[in-house]
Number of protein chains: 2
Amino acid sequence: MSPERPRTNTSVDPVGDRLVALADDAVLGSTGYLLLKAGIHVGNEIEQAMRELGLSMRDLLVLSFVACLEGLSQQELSDRLALDPTLVVGLVDGLEERDLVRRAKDPDDRRRNMLVLTPAGERVRTDAIEAATAVQEEYLAPLTNEQRTVLRSMLFDVMAPRLPWLRPA
Amino acid sequence: MSPERPRTNTSVDPVGDRLVALADDAVLGSTGYLLLKAGIHVGNEIEQAMRELGLSMRDLLVLSFVACLEGLSQQELSDRLALDPTLVVGLVDGLEERDLVRRAKDPDDRRRNMLVLTPAGERVRTDAIEAATAVQEEYLAPLTNEQRTVLRSMLFDVMAPRLPWLRPA
DNA sequence: TATTGTTATACTCTATAACTATA
DNA sequence: TATAGTTATAGAGTATAACAATA
């Protein structure tokens, strides 16, 4: 198979053997481990794509939640991001400095900051969605459209009991 | 649908509406984001299961790679774990102190540490595999066996071009 | 008295640089 | 001269504690 690899004194193919061995390992070849690695990889690639837009992946998630949930507070955002509230402060700070998000005091409870997208924020979000979608297109290229639908559906089924951050307010 | 939820003055179902809105978002409802979150979740659960055995998930990965790859060096292990070599030092230190892994000087290149499992390491690995497998069983419970096979296969296809750490030595 | 948001600080995790020993 | 492993240190990222404003 591999012409440049010299034959050893063993009768089996060490390359093929070891590959099979690793992929068949109860841990390294498990669905859970593959899921973990896939998540890390796709996350890294989205992160990189966002960096080219001057954003982080977290920035994109903030823009997404703020766009989808009217009157979202930082507290609720921290729940949905599964991120410490003190980290949300910095995230919103950065987006507000770039005029992508605005903090508006909730008139019904003046402790809360109601987060809203600015027009510039809407535009950046559109670009970011396009970039993130392109990354995923390429990432899932080995699958047919039908397979991607099946994959997404299965992930939904698996995650359904663990999706509180996607639940309504 | 939800009997305990009182009707509001809007004609639409706000709960269902906002859930659909989030799940339909191009980012928050995307396969990539679900993949990311699924990976994080399953990783956290495996980490917790390992903690009950006095291990980390990384410890399990080290045990797995050492068990599968004869004469594995720390350098190669760091590649396969996608972890800095200086971090591998600490990982192997910890496992060696607990007598689960042994460093043996490679006679052909005395700079290299050949890593091998001790009998105790084999036993602990067996227990850890059992625990990690149980976590995944429960995690994938919403899927049929057939669906799990399909999921694993699709993840393999997607990850195939990005699986150097599962390749032979 | 409790909660939202904020700041300052401490802690954890990781990477960088420099060293030893082998090659 | 280059590489495997190690150590010490600096840096990034995160969480904890304490505070002000509001309920």
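Every heavy atom of this structure was used, including side-chain atoms; hydrogens, water molecules and symmetry mates were not. All chains are named by letter (A, B, ...) in the order of the sequence lines, taking the proteins before the strands, and each is independently numbered beginning at 1.
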(request) Could you tell me the separation between the CD1 atom of A:Ile46 and the OG atom of A:Ser56, rounded to the nearest 0.5 Å? (result) 12.0 Å

Could you tell me the separation between the [atom1] atom of [X] and the [atom2] atom of [N], rounded to a whole number of Å?
{"X": "A:Glu76", "N": "C:dT4", "atom1": "CD", "atom2": "C1'", "answer": "13 Å"}
{"X": "B:Met114", "N": "D:dT3", "atom1": "CE", "atom2": "C1'", "answer": "18 Å"}
{"X": "A:Asn113", "N": "C:dG5", "atom1": "CG", "atom2": "P", "answer": "5 Å"}
{"X": "A:Asp79", "N": "C:dT4", "atom1": "CG", "atom2": "C1'", "answer": "12 Å"}
{"X": "B:Leu91", "N": "D:dG5", "atom1": "CG", "atom2": "P", "answer": "14 Å"}
{"X": "B:Leu81", "N": "D:dG5", "atom1": "CG", "atom2": "C1'", "answer": "16 Å"}

Side chain to side chain contact (heavy atoms under 4.5 Å, CB included) partners of [X], counting only residues at least two apart:
{"X": "B:Glu138", "value": "none"}
{"X": "A:Ala141", "value": "none"}
{"X": "A:Ser153", "value": "A:Asp157"}
{"X": "B:Ile40", "value": "B:Leu36, B:Asn44"}

Applying side-chain hydrogen bond (donor to acceptor under 3.5 Å, both in side chains), can you list everything that pairs with [X], at least two apart in sequence or on another chain?
{"X": "A:Thr31", "value": "none"}
{"X": "B:Arg111", "value": "B:Asp109"}
{"X": "B:Gln74", "value": "B:Arg103, B:Asn113"}
{"X": "A:Arg58", "value": "none"}

(message) Does anything in residues 117-135 of chain B form a salt bridge (Lys or Arg N to Asp or Glu O under 4.0 Å)? List the pairs, not counting sequence neighbours.
(response)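 Pairs touching residues 117-135 of chain B that pass the test: A:Asp25-B:Arg125.
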
Which atoms of nucleotides 11-14 of chain C (N or O only) lie under 3.5 Å from a protein N or O atom, and what are those distances?
| residue | atom | partner | partner atom | Å |
| --- | --- | --- | --- | --- |
| C:dT14 | OP1 | B:Arg58 | NH2 | 2.7 |
| C:dT14 | OP2 | B:Arg58 | NH1 | 2.9 |

(request) Take the C1' atoms of the five end pairs on each side of the helix from C:dT1-D:dA23 to C:dA23-D:dT1, derive the two axes, and give their angle rounded to 10 degrees. (result)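 About 10° separates the two local helix axes.
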
(request) Answer with yes or no whether the hydrophobic clustering places B:Leu69 together with B:Val116; edges join I, L, V, M, F, W, Y residues whose side-chain heavy atoms lie under 4.5 Å apart. (result) no

Write out a two-atom table: protein N or O, nucleotide N or O from nucleotides 17-23 of chain C, distance below 3.5 Å.
| residue | atom | partner | partner atom | Å |
| --- | --- | --- | --- | --- |
| C:dA23 | OP1 | B:Arg110 | N | 2.9 |

(request) Between D:dA4, D:dT6, C:dG5, spot the one nearest the side chain of A:Ser73, thanks. (result)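 For the A:Ser73 side chain, the nearest candidate turns out to be C:dG5.
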
(request) Could you work out which one of D:dT7, D:dA4, C:dG5 sits closest to the side chain of B:Gln75? (result)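 Out of D:dT7, D:dA4, C:dG5, the nucleotide with an atom closest to B:Gln75's side chain is D:dA4.
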
(request) Considering just the side-chain nitrogens and oxygens of A:Arg103, establish if one lies under 4.0 Å of OP1 or OP2 belonging to C:dT6. (result) yes

